[in-house]
Q: 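Just dropping this structure here.
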Protein chains: 2
Amino acid sequence: MRTLAMALAALATPALAQVPLLSPAERDVRDRIIAAAQADARGYRIIEDLTTEIGPRLAGSPAEARARDWAVARLRAEGFGEVRVEPFSIIYWGRLKERASVQGRFTQPLMVAAIGGSPSTPAGGLTAEVVRFTHMDELRAADPATVRGKIVFIDEVMVPSGNGVTYGATVAKRRACAPVAAEKGAAACLVRSAGTSNRWPHVGQGARGAAAAIPKAVIANADAAQLTRLMARGPVTLNLDLQTESTPNAPSGNVIAEIRGTEKPDEIVLVACHLDSWDNSVGALDDAFGCGVTTAAARIATEVAGPPKRTIRVVWFGAEEVGILGGIAYAERHKADLPKHIIASQSDSGGAPAFALETGVGDPASPAVQAMVEALRPLSIVRAGNAGTGGPDIGPMRAQGVPVFDLEQDVSAYFSIHHTGDDTLEQVDPASVRCNSAAYALMIWRAAWTDADFRAKPVAR
Amino acid sequence: MRTLAMALAALATPALAQVPLLSPAERDVRDRIIAAAQADARGYRIIEDLTTEIGPRLAGSPAEARARDWAVARLRAEGFGEVRVEPFSIIYWGRLKERASVQGRFTQPLMVAAIGGSPSTPAGGLTAEVVRFTHMDELRAADPATVRGKIVFIDEVMVPSGNGVTYGATVAKRRACAPVAAEKGAAACLVRSAGTSNRWPHVGQGARGAAAAIPKAVIANADAAQLTRLMARGPVTLNLDLQTESTPNAPSGNVIAEIRGTEKPDEIVLVACHLDSWDNSVGALDDAFGCGVTTAAARIATEVAGPPKRTIRVVWFGAEEVGILGGIAYAERHKADLPKHIIASQSDSGGAPAFALETGVGDPASPAVQAMVEALRPLSIVRAGNAGTGGPDIGPMRAQGVPVFDLEQDVSAYFSIHHTGDDTLEQVDPASVRCNSAAYALMIWRAAWTDADFRAKPVAR
């Protein structure tokens with residue numbers, strides 16, 4: 001029986017593989033999309049122009065507001081029929097000054113950056129002894145008497161990983177430190193930079209709320225190692241001077257551009273990036289790259305395949321960096337429409353060429369998914385699993401059932417650039433922009449020109 | 001005749017090669033020096049301890065003074081019989097604030113650093129239009145009317161070069177810009193960073209004197225490219241805010257440690273590094289590396305070969321970065337002794353393993369030089385030419401006839417680190433410290449345990 005089953009399987013597999021999932025006409029469209037993407041300059045131009053003409057664009061800042069106006073004008077100029085801003089309010093937070101200096105016989109400055117949301121220290125800084133932990137669990141287990149009045153230093157190191165799993169693990173301390181340290185009576189939190197940059201502090205958002213309201217900063221990787229070496233020579237007292245500002249009702253917003261569907265305009269194929277960046281760079285990879293890629297992809301698909309059946313919606317989310325506030329605002333505002341969202345996918349993992357398709361769909365083996373995989377195959381994009389997230393701003397809508405797709409990228413190099421001063425246009429490879437524009441264009445095409453249902457659960461086959 | 005000459009040459013070469021330039025006993029010393037260096041941890045420990053315990057040590061600052069005290073104690077602890085400071089005074093200069101921001105519709109910050117010696121701008125900065133040149137000759141040829149009242153921007157790019165020749169060519173503008181721009185009535189000078197760092201401004205010293213006394217700054221490579229893209233979109237006005245301080249009589253000094261010669265104590269074999277660093281990093285490669293290497297080398301040679309005939313003098317120069325002031329002070333103070341300086345060599349070219357010996361001697365083919373080349377051969381160090389400089393602080397004594405040796409290093413990677421915030425202990429490869437300690441120990445041995453005269457001109461051979 002076993003042998004017979006195996007023989008049948010052996011017969012079945014080549015037979016299945018011979019079923020053409022894309023028709024000859026569709027293969028022609030696919031090839032023309034790839035060719036058009038390879039000749040496209042729009043994606044890179046959007047990245048160059050956004051980063052050059054706006055520069056850094058911190059959530060809630062005047063620069064982010066200028067970026068929204070810029071985006072509306074640019075998306076109209078790129079030929080999107082409907083372009084609008086969906087505004088929302090956020091708490092704006094900005095850094096004014098950040099300085100750390102070792103006191104006593106080894107006096108020297110260390111490179112730090114305030115964590116998003118950090119309150120100010122008293123003017124002139126707070127001065128306290130440093131107490132070191134190598135990870136959060138050590139702090140959680142610590143006797144409050146050893147921590148009270150001190151600067152807690154979480155010295156957990158991130159090693160590079162191609163899929164970013166070590167980033168997720170080690171960045172958690174940036175949010176976790178302050179609430180735990182504050183409860184034990186600590187004066188401040190200092191956490192080793194996530195990411196692998198040597199000297200740029202890896203900036204980012206911290207936990208919000210009264211329970212996390214102690215001064216908190218990241219310290220550059222080299223400076224964390226320096227501090228650890230100094231502590232090996234005896235107790236270290238640090239002066240930590242963080243001056244920050246905050247505004248309760250600052251404007252942000254999502255910029256939305258559409259190519260309306262001809263047959264089912266209320267059905268939405270959503271591709272996205274985020275418009276805001278951190279304040280220490282122009283955010284070329286994070287995430288102007290995603291805006292260039294997904295916007296060019298929507299245009300390329302339409303120019304090759306004609307008007308789509310369903311509506312293609314490109315969203316440039318606001319205020320992603322400070323807590324995916326754009327994604328949350330979108331899911332709230334569009335709650336009633338989310339069942340009509342066919343797929344959603346955000347490009348926000350750096351600038352490497354996509355190499356795998358991870359789905360987050362009802363039936364990962366459906367013919368519609370298989371056809372998408374076949375469409376992507378000429379780009380050397382392989383099939384991964386069905387645990388996709390869709391990207392940070394997609395999370396809130398995915399939680400409400402929207403099917404998602406991830407085009408996975410190698411992030412080995414990304415986390416030495418991400419959230420640092422080094423995230424400049426020099427990091428963007430135009431060839432990679434074209435590759436990923438092709439991949440997104442193919443994904444959009446397989447979703448917006450078909451009746452595919454990525455939500456449906458598997459049927460018995 | 002030609003054929004006969006060639007045949008004779010063919011005979012002569014192997015014959016020459018068979019002359020043993022090092023005796024069996026000397027080969028044994030050589031091998032033991034290399035083995036001792038490969039097992040040595042002192043070089044790296046000096047680098048680690050100096051950079052950790054002092055941190056940045058700008059010329060003339062309290063940190064450089066602490067570094068001198070540290071160096072005296074450390075060199076004594078390392079077993080040098082005589083250790084002293086030769087003090088001198090310098091003009092101290094330090095940065096207090098440096099900020100540049102594009103004005104108008106593309107408003108954004110750019111990353112700049114004041115050039116050493118720059119005066120302050122008025123409080124709040126000076127605001128002027130930028131006028132761009134791609135190299136100094138364009139500025140020199142410019143009509144003063146096009147420059148008057150403006151911020152001159154020299155956008156000359158350095159490409160990497162293994163031997164550093166492009167650094168020398170492109171760093172010249174840092175000194176050259178202000179005098180030329182000031183004479184034409186410019187408001188300020190902004191020069192693209194030398195070196196290849198993307199976002200760290202490459203700091204450094206500018207020209208001194210009244211003719212160069214306009215505000216002057218370097219702009220990071222990425223920001224220079226950004227400024228050029230902005231200028232392609234229309235005239236750019238910049239606010240440049242540099243606040244600096246200066247003190248006329250600040251202390252500096254050279255730290256000198258000796259192992260006295262037994263037979264000819266007045267003859268000096270000098271190896272060197274510099275103790276000061278720029279203020280944006282701990283100067284691990286520039287030049288703690290050189291201090292660790294040359295100091296360990298002197299100890300290793302002595303421990304293997306016993307007391308030297310001639311005196312080994314290790315000099316940790318002060319105030320190199322701000323104009324080789326330590327080297328100038330040394331040559332002045334020791335003018336009368338310089339004829340007794342057998343050789344001088346400074347390690348100050350980054351952290352790569354030495355690969356070639358470039359001499360600056362009277363007779364580059366002398367048996368003494370050939371013996372030194374043979375000593376270095378097991379380290380894969382090849383013979384280069386006779387245009388050696390000895391290193392920056394050696395220049396003033398070389399000008400007075402002191403023979404010099406350079407152990408050349410590949411600098412392809414160095415100029416992305418040099419004078420930037422990235423020059424931290426992480427850049428130091430302990431294996432390279434050991435390699436170069438071996439090379440310097442062999443050089444010292446061939447100079448201090450022999451009667452070699454590297455000054456003598458060739459005799460007819």
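Proteins come first, then strands; the chains are lettered A, B, ... in the order of their sequence lines, and each starts at number 1. Quick note: numbers below take in every heavy atom, side chains included, and nothing from hydrogens, waters or symmetry partners.
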Q: Are more than 12 heavy atoms, taken from residues, nucleotides or ligands other than A/R99, located less than 6.0 Å from that residue's CZ atom?
A: no

Q: What option among A/T107, A/V102, A/I54 has the most heavy-atom pairs under 4.5 Å with chain B?
A: A/T107

Q: Got a second to check how far A/T52's OG1 is from B/Q226's CD, nearest 0.5 Å?
A: 4.5 Å

Q: Quick test of your reading of the model: are A/R105 and B/D69 salt-bridged, counting only N-O distances below 4.0 Å?
A: no

Q: Which heavy-atom pair separates A/S281 from B/R199 by the least distance, and what is that distance?
A: CA-NH1, 3.8 Å

Q: Within this structure, what is the CZ-CG distance for the pair B/R233 and A/D49, rounded to the nearest 0.5 Å?
A: 5.0 Å

Q: Of the backbone (N, CA, C, O) and the side chain (C-beta and beyond), which part of A/A222 lies under 4.5 Å from a heavy atom of chain B, both, or neither?
A: both

Q: Heavy-atom cut-off 4.5 Å, strictly under: side chain, backbone, both or neither for B/P109 against chain A?
A: side chain

Q: Chain A: which of B/E48, B/Q427, B/R66 shares the most heavy-atom pairs with it under 4.5 Å?
A: B/R66

Q: To the nearest 0.5 Å, what is the distance between CD (A/Q108) and OG1 (B/T51)?
A: 8.5 Å

Q: Is A/E426 close to chain B through its backbone or its side chain, or both, or neither, when contacts mean heavy atoms under 4.5 Å?
A: side chain

Q: Would you indicate whether A/R229, at its atom CZ, is surrounded by more than 12 heavy atoms from other residues, nucleotides or ligands within a distance under 6.0 Å?
A: yes

